[in-house]
Amino acid sequence: MNQSATLEEVVEVGGVITDRQPVDFYRLGLAGCIDRLTVPLRRQGTCVRWETPHHGVEISSGCASLLYHSAQVALSNTFKYAHATDVTVRLAAVFHGIRLMVADNGTGFESVPRAAGEGTGRGAGLRTISQAVKEAGGTVDITSAPGTGTAITITIPLD
């Protein structure tokens with residue numbers, strides 16, 4: 001299968017970026033799998049910048065899967081809500097861990113914590129990945145304000 005036919009398998013459905021192909025970390029690596037998720041953003045004219053100085057770091061399939069799904073949520077939110085013109089994705093080794101950062105220059109949002117059970121359902125993806133990352137011993141930092149864009153930083157220990 002050629003590259004363009006493969007990339008056409010990455011679509012957005014209801015604002016959620018989805019890859020119809022099975023995730024293949026072995027063939028594409030984590031960065032390659034996440035990069036596929038940026039296709040709908042690029043199609044709409046968003047400039048996507050990559051920073052991946054993590055060459056040679058061993059990542060378990062569980063950790064890779066968690067980072068992939070976290071990127072999927074962050075990029076879907078950027079696609080659906082942010083109206084960003086620029087997105088930066090950084091995947092890097094840090095002391096005893098790996099860090100994924102997705103930052104955009106979009107509309108941002110007011111990051112006020114909600115009480116349990118409160119809200120309209122927006123932010124469910126971020127809450128879900130935050131819980132999964134915390135269960136894996138990692139941290140999630142979300143920085144956003146109206147008009148300033150959003151940066152989501154996820155750090156997962158590799159030990």
Side-chain angles (χ1 to χ4, degrees), residues 6-7 9-43 46 48-82 84 86-106 108-109 111-114 116-117 119-144 149-159:
T6 302
L7 291 179
E9 295 295 323
V10 179
V11 296
E12 75 68 37
V13 178
V16 176
I17 297 172
T18 263
D19 190 346
R20 295 179 184 176
Q21 295 293 315
V23 178
D24 189 352
F25 296 125
Y26 181 75
R27 188 172 62 85
L28 298 174
L30 176 59
C33 289
I34 293 172
D35 189 48
R36 288 175 51 86
L37 296 173
T38 66
V39 169
L41 287 159
R42 293 173 199 258
R43 283 187 191 133
T46 304
V48 178
R49 302 176 203 295
W50 263 96
E51 299 173 7
T52 57
H54 73 284
H55 304 288
V57 175
E58 286 253 348
I59 303 171
S60 71
S61 61
C63 181
S65 182
L66 181 54
L67 288 168
Y68 174 83
H69 289 293
S70 297
Q72 185 177 27
V73 168
L75 292 167
S76 291
N77 285 351
T78 297
F79 180 83
K80 190 172 185 179
Y81 303 116
D86 288 293
V87 174
T88 299
V89 180
R90 179 179 303 133
L91 186 62
V94 293
F95 186 69
H96 294 290
I98 185 124
R99 181 170 291 151
L100 169 71
M101 187 270 305
V102 177
D104 67 57
N105 70 342
F109 59 90
S111 55
V112 176
R114 296 184 186 174
T120 62
R122 286 186 68 175
L126 290 176
R127 282 192 300 275
T128 301
I129 63 166
S130 292
Q131 184 61 36
V133 168
K134 287 177 186 172
E135 287 176 9
T139 60
V140 177
D141 179 53
I142 301 170
T143 305
S144 187
T150 301
I152 299 172
T153 305
I154 296 159
T155 307
I156 299 177
L158 292 177
D159 295 329

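Quick caveat: nothing in here was measured; it's all calculated off a predicted structure.
Without hydrogens or angle criteria, D104 side chain to T150 main chain gives a donor-acceptor distance under 3.5 Å.
Under the side chain to side chain contact (heavy atoms under 4.5 Å, CB included) rule, C63 has a single partner from S60, S61, S65, which is S60.
The CG atom of L91 sits 6.0 Å away from atom CG of L100, with the distance rounded to the nearest 0.5 Å. Atom CZ of F25 and atom CD1 of I34 lie 7.5 Å apart (nearest 0.5 Å). To the nearest 0.5 Å, the span separating CE on M101 from OG1 on T153 amounts to 6.0 Å. Taking CD1 of I59 as the reference point, atom CD1 of I98 lies at 3.5 Å (rounded to 0.5 Å). With rounding to the nearest 0.5 angstrom, the CZ atom of R127 is 10.0 Å from the CD1 atom of I142. Atom CG of L41 is separated from atom OG1 of T78 by 6.5 Å, given to the nearest 0.5 angstrom.
Taking 4.5 Å as the limit, every side-chain heavy atom of F79 sits out of range of all side-chain heavy atoms of T46. Looking only at side-chain heavy atoms (C-beta outward), V87 and T38 stay at 4.5 Å or farther from each other.
Of all heavy-atom pairs spanning T155 and R99, the tightest one is OG1-NE, 2.7 Å. Contact record, G149 with S144: O-OG, 3.1 Å, taken as the closest heavy-atom pair. Across all non-hydrogen atoms, the minimal contact from R42 to V48 is NH2-CG1, 3.6 Å.
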Taking distance alone, no hydrogens or angles, what donor-acceptor pairs closer than 3.5 Å link side-chain atoms of residues 128-136 to residues at least two apart or in another chain?
residue : atom : partner : partner atom : Å
T128    : OG1  : A124    : O            : 2.8
S130    : OG   : L126    : O            : 2.8
Q131    : NE2  : E135    : OE2          : 3.1

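The side-chain contact (heavy atoms from CB on, under 4.5 Å) search around S76 returns V16, I17, Q72, not counting sequence neighbours. Among residues two or more places apart in sequence or in another chain, the salt bridge (Lys or Arg N to Asp or Glu O under 4.0 Å) test is passed with D141 by none. Annotation: side-chain contact (heavy atoms from CB on, under 4.5 Å) contacts of R49 (sequence neighbours excluded): C47, D86, T88. Not counting sequence neighbours, S70 has no partner by the side-chain hydrogen bond (donor to acceptor under 3.5 Å, both in side chains) test. Applying the side-chain hydrogen bond (donor to acceptor under 3.5 Å, both in side chains) rule to N77 yields no partners; only residues at least two apart in sequence or on another chain are considered. Not counting sequence neighbours, the partners of R90 by the salt bridge (Lys or Arg N to Asp or Glu O under 4.0 Å) test are E51.
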